[in-house]
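Comments concern the structure below.
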Amino acid sequence: MDRLDGLSTRAIVAAAAVGVLAVVFVAGLAAPDSVAGTLVEILTSEGTLSSALRLSVPIALAALGGIFSEKSGVINIGLEGLLIISAFAAIYVTDITGGVWIGFVGGVVASILLSALFAVVVIEFRADQIIAGLAVWLIALGLAPFASQVIYGRPNSPSVSTPGTITVPGLAELPFFGALFDASPTVYLMLLAVGVSWYTLNRTRFGRWVRASGENPKALDTAGVSVSRVRYAAVLLSGLLAGMGGASLSLDLGQFTGNGPTMVNGKGFIAIVAYLFGNYNPIGAFLSTLLFAGLDAMQTALQLQNIGVPNQLIRIIPFVTVILVLALVGRTRIPEAAGEHYESGDDNR
């Protein structure tokens with residue numbers, strides 16, 4: 001009964017939210033010069049969708065990596081660190097080779113190496129996964145700006161070439177959705193990664209092993225599959241995906257910024273929220289990321305419109321909205337063995 005009451009409450013609040021949006025749209029169409037009209041113009045702008053897609057790339061890719069790792073039973077809160085190290089490495093390799101995609105691969109390799117170190121520490125030496133993840137973040141947070149300072153004499157790198165954009169003639173001129181057909185290659189890489197990740201987790205033998213490793217590792221071990229090897233593979237895969245996200249972030253901008261929290265600026269932690277919000281489903285994590293990125297793009301545009309609301313309040317719109325949506329979604333089911341070490345006498349096979 002309590003569950004039904006909870007569902008009813010969420011349904012009422014969701015219906016109310018849809019109703020409010022409908023009223024805003026109608027008011028915006030009726031009075032284009034009003035605040036509602038400004039909101040409608042921003043929400044239906046091709047620029048908003050384009051910005052949302054671009055902002056989604058590093059967060060969504062890191063979230064996909066986090067899903068694989070945590071689904072296997074290894075909590076990886078070091079995604080922020082993987083984004084930072086790959087963002088710097090991608091720029092550095094691009095700078096010394098002149099090849100954007102060579103730099104992209106360099107960033108991914110750096111992330112995989114750091115995730116391999118994390119995997120050895122938590123799987124082989126059974127360290128606390130949360131502490132090890134924080135260590136990964138702190139190592140990258142100190143190492144990347146330091147390396148930039150040593151190499152370039154400052155925490156920010158010089159500008160390098162960017163991947164450019166892929167434009168589909170005709171389709172790129174479509175209203176609003178044209179942004180889907182005039183975007184960076186990294187946007188299409190993100191969309192491909194979402195589909196491949198969903199298929200891998202739900203339709204392949206490896207995906208079943210990953211899920212079993214996080215839910216019932218003893219059963220997986222009894223079936224003759226090494227739990228350690230599955231977890232190593234999942235953590236390395238999280239490094240690969242997060243590395244793609246970090247490399248995309250810096251290469252799309254053409255520079256690494258190492259000041260303060262670096263250019264990553266919490267995107268790895270937002271990725272953790274995204275996959276929890278999406279209930280460990282790659283598609284759900286992507287939609288969660290797109291929601292946050294869309295709201296972020298909207299608040300940036302609103303600050304330029306001078307609508308009479310303090311910018312400090314406008315900036316918190318994405319975070320407040322995400323909290324409200326999280327309240328509607330309800331609980332996220334964490335894998336049963338997440339964060340737990342598993343030891344088997346035959347696990348070295």
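- Under the side-chain hydrogen bond (donor to acceptor under 3.5 Å, both in side chains) criterion, no residue pair touches residues 136-150, with sequence neighbours excluded.
- Looking only at distances, a side-chain donor or acceptor of R231 sits under 3.5 Å from a matching main-chain atom of S213.
- Between the S69 side chain and the V74 main chain, a donor and an acceptor come within less than 3.5 Å of each other.
- With sequence neighbours excluded, the residues forming a side-chain contact (heavy atoms from CB on, under 4.5 Å) with I283 are V194, W198, N281, L287, listed by chain and number.
- With hydrogens and angles ignored, the 3.5 Å screen pairs no side-chain donor or acceptor of S157 with any backbone N or O of Q255.
- A 4.5 Å side-chain heavy-atom check between L251 and T94 finds at least one atom pair inside the cut-off.
- S56 places a side-chain N or O within 3.5 Å of a backbone atom of A52 that can act as its donor or acceptor partner.
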Problem - Step-by-step side chain to side chain contact (heavy atoms under 4.5 Å, CB included) determination, M298 to L302 - result: CA-CA 6 Å; M298 184 190 74; L302 275 175; 4.3 Å; yes

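- Residues Y275 and I272 are in side-chain contact: their nearest non-hydrogen atoms beyond the backbone lie under 4.5 Å apart.
- For residues 138-174, no residue pair satisfies the ring-ring contact (aromatic ring centres under 6.0 Å, His included) rule, not counting sequence neighbours.
- When atom types are taken as modelled, the side chain of N279 and the backbone of R333 share a donor-acceptor pair closer than 3.5 angstrom.
- Checked against side-chain contact (heavy atoms from CB on, under 4.5 Å), R211 has the following partners two or more places apart in sequence or in another chain: K71, R208.
- With hydrogens and angles ignored, the 3.5 Å screen pairs no side-chain donor or acceptor of T165 with any backbone N or O of T167.
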Exercise for the section: Any chance you could lay out the side chain to side chain contact (heavy atoms under 4.5 Å, CB included) test for L83 and L79, step after step, and finish with the verdict? Expected result: CA-CA 6 Å; L83 288 175; L79 296 174; 5.6 Å; no

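- Residues passing the side-chain contact (heavy atoms from CB on, under 4.5 Å) test with T97, sequence neighbours excluded: V93, I102.
- Clustering ILVMFWY residues whenever any of their side-chain heavy atoms sit less than 4.5 angstrom apart, transitively, puts Y280 in the very cluster that holds L290.
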Practice task
Give the intermediate values and the outcome of side-chain hydrogen bond (donor to acceptor under 3.5 Å, both in side chains) for residues S226 and S228.
Solution key: CA-CA 5 Å; S226 170; S228 290; 4.9 Å; no

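- Put simply, OG on S238 and CG on L236 are 7.5 Å apart, with the number rounded to the nearest 0.5 Å.
- S184 is not listed as a side-chain neighbour of R54, based on a closest heavy-atom distance of 4.5 Å or more.
- A donor-acceptor pair under 3.5 Å is absent between the side-chain atoms of S50 and the main chain of E46, judged by distance alone.
- E124 places no side-chain N or O within 3.5 Å of a backbone atom of V121 that could act as its donor or acceptor partner.
- Among L240, N76, T200, the single residue meeting the side chain to side chain contact (heavy atoms under 4.5 Å, CB included) criterion with F68 is T200.
- At distances below 3.5 Å, at least one donor-acceptor pair connects side-chain atoms of H341 with backbone N or O atoms of A127.
- Here the side chain of E80 pairs a donor or acceptor atom with the backbone of G266 at under 3.5 angstrom.
- Evaluation of the ring-ring contact (aromatic ring centres under 6.0 Å, His included) test over residues 70-126, restricted to residues two or more places apart or in two chains, returns F88-F256, W101-F104.
- Counting non-hydrogen atoms of other residues, nucleotides and ligands closer than 6.0 Å to CZ of F176 gives a total above 12.
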